[in-house]
Amino acid sequence: MSTSSNVLPLEVLPAGQESDALRALFALVFGHPLNAAQWAWKYANPQSFHVICRDETGALVGHAAVQHTGCTASGVHVGQVGDVMVHPSHRGLLSGGVFARMLDVLAEEAVRRGFGLCYGFPGDRPARLGLRLGIYLEALRPQEAHFLPASGRESVWTRWVHPVVEVSAQDVACWLDSNAGLTHRLGRSAVELRWRYLDAPCCYRFVALGRGRQRQVAICRNMDDGSVLLMDWVGDGAPTSDGVARMARLLGCMVRVWSHLLEVPAAVTRHDTPFVVIRLGKVPLPSELAGWIGCCSPGDVDVY
């Protein structure tokens, strides 16, 4: 790696280091602060890592990270690219700039550490830049489907065979403890989901769908407009559109869900989201993760 006077050096840091300086850069770049607990929560997994850039004075001017999100059954690591930040004074360059060089090193380090997939959710401008430079691949703009709380009653048979019941966080914790071996989309385990949602400083609602071994727990976040957004789930398969519609009826509010996660009936309205889904092109994608882009959910962008 070059360290000449006209190319600023890059460093790889373990998870969670340089918290204060990086949070200051975060506030400058994104316009709102993160407290120390939120930053620690994001990088609690020791297999996460950072790539940073300093200027000639030693001040931080760039950062990109991979948050470890789980492993596949064969042990391939999966990570989420996040907090890609470049100080305003060091923007404007393309292939030789801080942005491109940081993401190159991030991909190289991810491969060295055994990651088979690093995906993320940049805004429009960095997504276009990364795609143009060949750093990012597989762009997708998710749409959001809105399920309204329809009126009418379900049969006793349906309610018994396919129950939908709101449960408490404590109930979910007990269920996850007894099903700790469950694996989830993108290799994330039930243990990881418990850490992510039950200890996070956000307000969620939890809905159990089905019973016994077919049971799923859907994790929804309360939104400011009174709706809920389906963030994540634990259990085999994904919730069906029928299950989501019944969730809306149970909760008495609109349930929003990224529409590529399930077959959405034509009558359900869809809306564009502000997110773009990408992956680091220089991290090789194993065949077992070929369908990864259909698994990304709002839970991947809900990080604090």
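Because only heavy atoms are used, hydrogens play no part in the values below, and waters and symmetry mates are left out as well, while side chains stay in.
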To check you understand the geometry: which heavy-atom pair defines the closest contact between V244 and P239, and what is its length?
CG2-CB, 4.2 Å
How about C174 and D171: do any of their side-chain heavy atoms sit closer than 4.5 Å?
no
To the nearest 0.5 Å, tell me how far M85 CE sits from C53 SG.
12.0 Å
Carboxylate-amine/guanidinium proximity below 4.0 Å for D272 and R141:
no
Minimum heavy-atom distance between L261 and G294, given as atom pair plus value:
CD2-O, 3.4 Å
Hey, what do you get for NZ (K282) to SG (C118), rounding to the nearest 0.5 Å?
13.5 Å
When you measure from the side chain of Q67 to the backbone N and O of K42, does any donor-acceptor pair fall under 3.5 Å?
yes
Given I52, which of V61, L22, L10, V98 fulfils the side chain to side chain contact (heavy atoms under 4.5 Å, CB included) condition?
L22
Going hydrophobic residue to hydrophobic residue with side-chain gaps under 4.5 angstrom, can you get from V264 over to M254?
no
Could you check whether E166 pairs with R205 (Lys NZ or Arg NE/NH1/NH2 to Asp/Glu carboxylate O, under 4.0 Å)?
yes
In the hydrophobic cluster built from side-chain contacts under 4.5 Å, what are the other members alongside L137?
none
Under-4.0 Å salt bridge between D225 and R256
yes
Test your reading of the model: is there a side-chain donor-acceptor pair from T273 to the backbone of Q143, 3.5 Å cut-off?
no
Quick one: are Y136 and L280 in side-chain contact, heavy atoms under 4.5 Å?
yes
Can you name the closest pair of heavy atoms from V164 and R246 and give their distance?
CG2-NH1, 3.1 Å
Sequence neighbours excluded - salt bridge (Lys or Arg N to Asp or Glu O under 4.0 Å) pairs with any residue from residues 22-41:
D20-R23
Looking at every non-hydrogen atom in both residues, tell me the closest pair between V207 and L250 and how far apart they are.
CG1-CD2, 4.0 Å
To the nearest 0.5 Å, what is the distance between SG on C296 and CZ on R279?
11.5 Å
Would H87 and L25 satisfy side chain to side chain contact (heavy atoms under 4.5 Å, CB included), going step by step from the backbone distance to the final call?
CA-CA 7 Å; H87 192 283; L25 183 62; 4.3 Å; yes
Are V76 and L117 packed together at the side-chain level, in the sense that at least one heavy-atom pair is separated by less than 4.5 angstrom?
no
To the nearest 0.5 Å, tell me how far S19 OG sits from L13 CG.
12.0 Å
Do we see a donor-acceptor contact under 3.5 Å between the side chains of D232 and Y204?
no
Are W39 and H63 near enough that their ring centres are under 6.0 Å apart?
yes
About how many Å separate CG of N35 and CD of Q38, when rounded to the nearest 0.5 Å?
4.0 Å
Heavy-atom pair with the smallest gap, counting every atom of P265 and R270:
O-NH2, 3.8 Å
For residues E288 and T72, is any side-chain donor paired with an opposing acceptor at under 3.5 Å?
yes
Would you say the side-chain atoms of H146 pair up with the backbone N or O of V255, donor to acceptor, closer than 3.5 Å?
no
Heavy-atom side-chain proximity of F115 to V66 below 4.5 angstrom:
yes
Check ion pair E109-R113 (N to O, under 4.0 angstrom):
yes
Evaluate the criterion side chain to side chain contact (heavy atoms under 4.5 Å, CB included) for residue pair Y119 and V81; output intermediate values, then yes/no.
CA-CA 6 Å; Y119 65 99; V81 179; over 6 Å; no
Do L148 and V228 sit in the same hydrophobic cluster, where Ile, Leu, Val, Met, Phe, Trp and Tyr count as joined when their side-chain heavy atoms come under 4.5 Å apart?
no
Side chain to side chain contact (heavy atoms under 4.5 Å, CB included) evaluation trace for L106 with M102:
CA-CA 6 Å; L106 196 75; M102 280 197 316; over 6 Å; no
Kindly compute the distance separating CD1 (I135) from CG (L103), expressed to the nearest 0.5 Å.
5.0 Å
How about F99 and H90: are their ring centroids closer than 6.0 Å?
no
Are L140 and F275 packed together at the side-chain level, in the sense that at least one heavy-atom pair is separated by less than 4.5 angstrom?
no
Salt bridge (Lys or Arg N to Asp or Glu O under 4.0 Å) partners of R54, counting only residues at least two apart
E11, E18
Using side-chain heavy atoms (C-beta onward) and a distance below 4.5 Å, is V277 in contact with F121?
yes
Decide whether D55 and T57 meet the rule of one side-chain donor and one side-chain acceptor closer than 3.5 Å.
yes
Mind checking whether F49 and H68 have ring centres under 6.0 Å apart?
no
Donor-acceptor pair, distance only, cut-off 3.5 Å: does the side chain of S48 make one with the backbone of A15?
no
Can you find a pair of side-chain heavy atoms, one from M231 and one from Y197, that are under 4.5 Å apart?
yes
Tell me, do E144 and S259 make a side-chain contact under 4.5 Å, heavy atoms counted?
no
Between N222 and C203 the two heavy atoms that sit nearest each other are ND2-SG, 3.1 Å
